[in-house]
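Below you'll find the structure, written out as structure tokens, and then a few comments.
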Amino acid sequence: MGILHKAAQYRAYKEGVVHTTLNPKGPGSVRIHLIPPKWRLFSNAPYVMILNGYYILPLGYSWAILLGSFIGEVNKFEGEPIDERHMEQIMDRAVARTRRVYYVKEEELRADLQEILTMLYGVARGEEPSGDIEPLSLREYARNMTAPHRMDLMISSILDEGGNWNCSLKCRNCYAAGQPAAGGKELSTQEWYEIIDRCRRAGICQLTFTGGEPTMRSDLAELVRHARWFVTRLNTNGTMLTGELCEALYEASLDSVQITLYSGDAGIHNRLVGADLPGSTGNWEKTAAGLENALKAGLNVSVNTPLCRENRDYIRTLAFLNRAGVRYVTCSGLIETGKAESGDSQLTVEEMNSLLREAIAFCSQHGMELSFTSPGRADKKVLEELGIAVPMCGACLSNMAVAPDGSVVPCQSWLGEGAALGNMRKDSWKKIWNHPSCKAIREMSEEEALYCPLRKEKTAEGKEAAENGHHRSKV
């Protein structure tokens, strides 16, 4: 690569992550983040393009410069409508801008840009990215990263300053309950603004607002609005999703909301969320109403179900969600920290395998899409057979979390003593990212990442799942 090209690459690195959104009001909006690799003079590491906070794809140097030029030209319209004539002008300018630093024939660059746009429009229609770009193994790419792609902001705590319950539910298997980083003094709106701005400067492109229960904060919509540059998601139990709040979140450009529902059976759900316990103010009816409000407001909705022995009739839950109009669903095992540390309610790998076979059959029949998110809680070969992406631990790699007091932890479940890697308000991001514990977690092998490191001991089933072969992450 010539000196001119290396100089252009260094300028791109100094500029940091560039971003644009095509068709922001949808349907079919596409958020694009182009992330340069860590700067090294003699490195040919690829850039990374992230689409809608989900697809992570490596780009060669020429495509990265071309896409960056295209994003720069699109952003000159600052949200104004772009018609076909404007798009032709944007393409012409992007090609000309690229040729100043990377000399390729104009017709070749234009053909490459058209191929990129065809892929982007396909994603907008709900298709998988097409073309010759291979999915990226983040663990192989980790040495070129300067930040995770997602940060979970735990904007609300489980306990208030006085130690009183500060969540609308008292879930019997809550992984955050009793964890030191899940309580304490919450940050102000302005302090969270500062953390959001620091995440942007660090090159993080996706934010998830979570808790505790994030809807307990009256400033939630304002925080989402402040984070418009990012792909934004909300994780909530849904009990406080009023119609007014859902409309405010839609206007604030929230990209998606994930609602936790334990069961389509009100009795089972209410028992698991502790609706009968002192301090709990939520129940199945409130969550169902919140789900309805979110769908009515036009939010992109998915529903997550943590599976255990008490709610293993997942098909009944899927049937309820199908009738409600939900298309995207996720499920998981229990995270064995907090109240679920004993693992007594956890399903075995064999039980989860059987349950997922039934769930995939139901979802295929009813036009629903299912994801599974618990590393090591189902057999890798079974997941691949069913066409389900094999989950891997992404702590300190693809995702990290900021606790209610601003402390940065490996993931939103990793909250025990000594978990903090620094504080987002006090420490430099470079210091946090290069913390010895952070680097050690990030350097786990792909085999090790096939199950959650928080498990107190690896069962024979978990070991077997981890030993079933090398996995290349399809992200």
Side-chain angles (χ1 to χ4, degrees), residues 152-184 186 208-218 220 233-243 245-246 249 257-294 301-312 314 317 320-321 324 326 329-342 344-346 373 401 403-404 412-413 415:
D152 298 335
L153 304 183
M154 302 174 68
I155 61 173
S156 65
S157 61
I158 292 291
L159 301 176
D160 63 20
E161 291 181 71
N164 301 309
W165 197 252
N166 193 40
C167 181
S168 56
L169 297 178
K170 299 193 73 171
C171 296
R172 297 180 184 276
N173 293 308
C174 177
Y175 63 80
Q179 301 276 30
E186 294 181 4
T208 299
F209 293 91
T210 182
E213 176 47 47
T215 58
M216 293 186 72
R217 289 188 64 120
S218 60
L220 175 59
R233 306 188 189 280
L234 170 66
N235 288 352
T236 173
N237 60 41
T239 61
M240 301 178 70
L241 284 178
T242 63
L245 176 57
C246 289
L249 292 171
V257 55
Q258 182 183 86
I259 298 173
T260 298
L261 182 76
Y262 279 89
S263 179
D265 181 287
I268 294 174
H269 177 89
N270 285 342
R271 168 170 168 70
L272 287 171
V273 301
D276 58 323
L277 300 177
S280 179
T281 59
N283 55 29
W284 187 92
E285 288 74 16
K286 289 183 178 180
T287 295
L291 173 61
E292 182 179 356
N293 290 333
V301 178
S302 65
V303 173
N304 180 58
T305 301
L307 294 167
C308 59
R309 298 197 178 283
E310 291 84 352
N311 67 344
R312 59 194 302 169
Y314 188 37
T317 303
F320 165 76
L321 295 174
V326 174
V329 292
T330 64
C331 63
S332 64
L334 300 178
I335 300 171
E336 291 178 14
T337 62
K339 287 187 177 181
E341 186 172 11
S342 69
D344 291 342
S345 294
Q346 189 77 261
T373 61
Q412 69 171 25
S413 308
L415 303 173

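Everything numeric in this text was worked out from a predicted model, so none of it was measured.
Between Met154 and Gly211, the shortest heavy-atom contact is CE-O, 3.4 Å. Closest of all the heavy-atom pairs between Leu241 and Ala294 is CD1-CB, 4.5 Å. Contact detail for Ala181 and Pro404: the closest heavy-atom pair is O-CD, 3.0 Å. Minimum interatomic distance between Cys246 and Gly290 (heavy atoms only, all atoms of both residues): SG-O, 4.5 Å. Ser156 and Pro214 get closest at one heavy-atom pair: OG-N, 3.4 Å. Annotation for Asp344 and Arg309: closest pair O-NE, 3.8 Å, computed over non-hydrogen atoms.
Side chains of Ser263 and Asp265: a donor-acceptor N/O pair is absent below 3.5 angstrom, by distance only. Residues Thr305 and Thr317 have side chains that never bring a donor and an acceptor to within less than 3.5 angstrom of each other.
Annotation: the span from Lys339 atom NZ to Ser345 atom OG amounts to 12.0 Å, rounded to 0.5 Å. In this structure, CG on Leu234 lies 6.5 Å from CG on Leu249, to the nearest 0.5 angstrom. Remark: Glu213 CD to Cys167 SG distance equals 5.5 Å, nearest 0.5 Å. Expressed to the nearest 0.5 Å, how far CZ of Arg217 lies from CD1 of Ile155 amounts to 5.5 Å. Atoms CG and CG, on Asp152 and Asn235 in that order, are 7.0 Å from each other to the nearest 0.5 Å. Summarising the geometry, atom CD belonging to Glu336 is positioned 5.0 Å from atom CD belonging to Gln346; distances are rounded to the nearest 0.5 Å.
Put simply, the side chain of Leu291 does not reach to within 4.5 Å of the side chain of Leu261, judged on heavy atoms. Counting heavy atoms from C-beta outward, Phe320 and Val303 have side chains that stay 4.5 Å or more apart.
Asp160 is linked by a side-chain contact (heavy atoms from CB on, under 4.5 Å) to Asn164, Asn166, counting only residues two or more places apart in sequence or in another chain. Contacts of Ser332 classified as side-chain contact (heavy atoms from CB on, under 4.5 Å), with partners at least two apart in sequence or in another chain: Asn304, Pro306, Thr373, Ser374. Among residues two or more places apart in sequence or in another chain, the side-chain contact (heavy atoms from CB on, under 4.5 Å) test is passed with Ala182 by Ile158, Ala176, Gln179, Leu415. Contacts of Leu272 classified as side-chain contact (heavy atoms from CB on, under 4.5 Å), with partners at least two apart in sequence or in another chain: Asn173, Tyr262, Ile268, Cys308, Glu310, Asn311. Every salt bridge (charged side-chain N to carboxylate O under 4.0 Å, His left out) that Arg312 has, sequence neighbours left out, goes to Glu351.
Applying side chain to side chain contact (heavy atoms under 4.5 Å, CB included) to Leu169 and the options Asn270, Thr260, Val273 leaves one that passes, Val273.
Identified under the side chain to side chain donor-acceptor pair (under 3.5 Å) test for residues 274-293, with sequence neighbours left out: Arg172-Asp276.
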